[in-house]
Amino acid sequence: MAENDSNASELALQKLVTGNKAFVESTTNPADISYERTTEVAHNGQRPYAIVVTCSDSRVPPEHVFSAGVGDLFVVRTAGNVIGDFERGSIEYAVGQLGVSLVVIMGHSQCGAVASALAGRASGYLDTVISEIQSGISDTTSEHEAILSNIAHSQQCAMQSEAVRSLVEAGQLKVIGAVYDLQTRQVKFLPGD
């Protein structure tokens, strides 16, 4: 990541804001998903402008939500947008190898994983996800507050990576939160620390 790219995270955020506005206002994706774009990215490599860590929920398609084309976003998806070692490793790859300067941890309204965490335990490996969410939401009973707390917790988990933390401290990377509303299709970016 070059020193002169310190503005890259702000440009990436603006692309996401503009892309979400286009998604809210349209019924088709205006992004470049053409054969030519796919071929270009295959031959020249990927250069995503943002990392989006979000829930696996099928109603939350990040490329559509941000009107992004092939090669535009580096997407990491897990139930409840939780972040563990595999997700941190994926983020480290994108910032270290691809030079991405913006990480967005995006939760969403009506999140089943957060609702399950509020309700109690689960069986099998799902309980691991639920336990991770519960560790971040404390004793809140409000679903909206739990979603916000879970996003903040995932941001903290991303920052456990020394590579991520050092880039943030150097001003070369931003890690921000966002909430996608299933009804309005709008993304609200959360204020940083």
Side-chain angles (χ1 to χ4, degrees), residues 9 12-31 48-69 72-84 86-88 90-91 94 100 102-122 125-159 164 174-193:
S9 58
L13 179 57
Q14 189 54 49
K15 283 183 181 181
L16 293 175
V17 170
T18 301
N20 180 242
K21 185 176 186 304
F23 174 67
V24 169
E25 295 173 353
S26 71
T27 58
T28 60
N29 185 346
Y49 59 81
I51 301 164
V52 179
V53 180
T54 193
C55 187
S56 299
D57 191 307
S58 64
R59 301 168 295 176
V60 185
E63 290 85 357
H64 296 299
V65 167
F66 294 115
S67 301
D72 289 342
L73 298 178
F74 191 91
V75 178
V76 180
R77 295 182 76 166
T78 61
N81 48 274
V82 298
I83 295 180
F86 293 117
E87 295 76 26
R88 272 188 292 274
S90 297
I91 294 167
V100 181
L102 179 67
V103 180
V104 178
I105 312 296
M106 187 172 75
H108 67 94
S109 63
Q110 300 172 284
C111 181
V114 170
S116 293
L118 287 170
R121 309 298 300 177
Y125 288 106
L126 179 56
D127 191 52
T128 305
V129 174
I130 300 307
S131 294
E132 181 63 25
I133 294 170
Q134 288 172 333
S135 72
I137 64 175
S138 191
D139 56 0
T140 186
T141 57
S142 159
E143 186 172 324
H144 180 70
E145 287 303 315
I147 289 167
L148 296 177
S149 294
N150 185 48
I151 292 166
H153 178 69
S154 291
Q155 286 177 268
Q156 292 168 354
C157 289
M159 293 295 289
V164 169
K174 286 189 178 183
V175 179
I176 64 173
V179 180
Y180 173 64
D181 187 298
L182 293 179
Q183 299 296 320
T184 66
R185 303 180 349 156
Q186 292 181 317
V187 174
K188 177 183 179 189
F189 291 93
L190 304 175
D193 293 337

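Note that this is a predicted model, so its numbers are computed, not measured.
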Do side-chain atoms of Gln155 reach the backbone of Ile105 as a donor and acceptor pair under 3.5 angstrom?
no
Report yes if some heavy atom in the side chain of Val65 is under 4.5 Å from a heavy atom in the side chain of Pro61; otherwise report no.
yes
As a quick check of understanding, evaluate side chain to side chain contact (heavy atoms under 4.5 Å, CB included) for Val75 and Glu63, giving each step before the final call.
CA-CA 8 Å; Val75 178; Glu63 290 85 357; 3.3 Å; yes
For Arg59 and Gln110, indicate whether the former's side chain and the latter's backbone hold a donor-acceptor pair under 3.5 Å.
yes
Between Tyr49 and Ala12, which heavy-atom pair has the shortest distance, and what is it?
O-CB, 3.1 Å
Taking all non-hydrogen atoms of both residues, which atom of Phe23 and which atom of Tyr180 are closest, and how far apart?
CE2-OH, 3.5 Å
Considering non-hydrogen atoms only, spot the tightest contact between Gly177 and Ile151 and give its length.
CA-CG2, 3.7 Å
Could you walk me through whether Ile176 and Leu102 pass the side chain to side chain contact (heavy atoms under 4.5 Å, CB included) check?
CA-CA 8 Å; Ile176 64 173; Leu102 179 67; 4.0 Å; yes
Please evaluate residues Val129 and Thr78 with respect to the criterion side chain to side chain contact (heavy atoms under 4.5 Å, CB included), reporting the C-alpha separation (whole Å), side-chain torsions for both, the decisive distance (0.1 Å), and the verdict.
CA-CA 9 Å; Val129 174; Thr78 61; over 6 Å; no
Strictly distance-based, threshold 3.5 Å: is any side-chain N or O of Ser154 a donor or acceptor partner for the main-chain N or O of Asn81?
yes
Just so I know, are the side chains of Ile91 and Ile83 near enough to count as touching, which here means a heavy-atom distance under 4.5 Å?
yes
Close side-chain approach of Asp57 and His108, heavy atoms under 4.5 Å
yes
Atom pair CD/SG of Glu143 and Cys111 - distance to nearest 0.5 Å:
8.0 Å
Under 3.5 Å, is there a donor-acceptor pair between the Glu145 and Ser149 side chains?
no
Would you call Phe74 and Ser90 a side-chain contact if the rule is heavy atoms closer than 4.5 Å?
yes
Are side-chain heavy atoms of Leu182 and Val60 found at a separation under 4.5 Å?
yes
Judged by atom type as modelled, is there a donor-acceptor pair below 3.5 Å linking the side chain of Arg88 to the main-chain atoms of Ala158?
no
Would you mind reporting whether Lys188 and Asp181 have side-chain heavy atoms less than 4.5 Å apart?
no
Could you report the tightest heavy-atom contact between Ser116 and Ile130, atom names first, then the distance?
CB-CD1, 3.4 Å
Between Asn150 and Gly80 (side chain of the first, backbone of the second, donor and acceptor by atom type, cut-off under 3.5 Å), is there such a pair?
yes
Ala113 and Ala79 have their tightest heavy-atom pair at CB-C, 4.2 Å
Looking at side-chain heavy atoms only, is the closest gap between Gln186 and Asn20 below 4.5 Å?
yes
Show me the side-chain donor-acceptor pairs of residues 132-139 shorter than 3.5 Å, one per line, residues at least two apart or across chains.
unit_1 : atom_1 : unit_2 : atom_2 : d
Glu132 : OE2    : His153 : NE2    : 2.7
Gln134 : OE1    : Arg121 : NH1    : 3.2
Gln134 : NE2    : Ala117 : O      : 2.9
Gln134 : NE2    : Gly120 : O      : 3.1
Ser135 : OG     : Glu132 : O      : 2.6
Ser135 : OG     : His153 : NE2    : 3.4

Less than 4.5 Å apart, side chain to side chain, heavy atoms only: is that true for Leu16 and Val104?
yes
Between CG on residue Leu148 and OG on residue Ser142, distance to nearest 0.5 Å
8.0 Å
Minimum heavy-atom distance between Ala31 and Ala68, given as atom pair plus value:
CB-C, 3.2 Å
Kindly determine whether Thr18 and Lys21 satisfy side chain to side chain contact (heavy atoms under 4.5 Å, CB included), including the steps that lead there.
CA-CA 5 Å; Thr18 301; Lys21 185 176 186 304; 5.7 Å; no
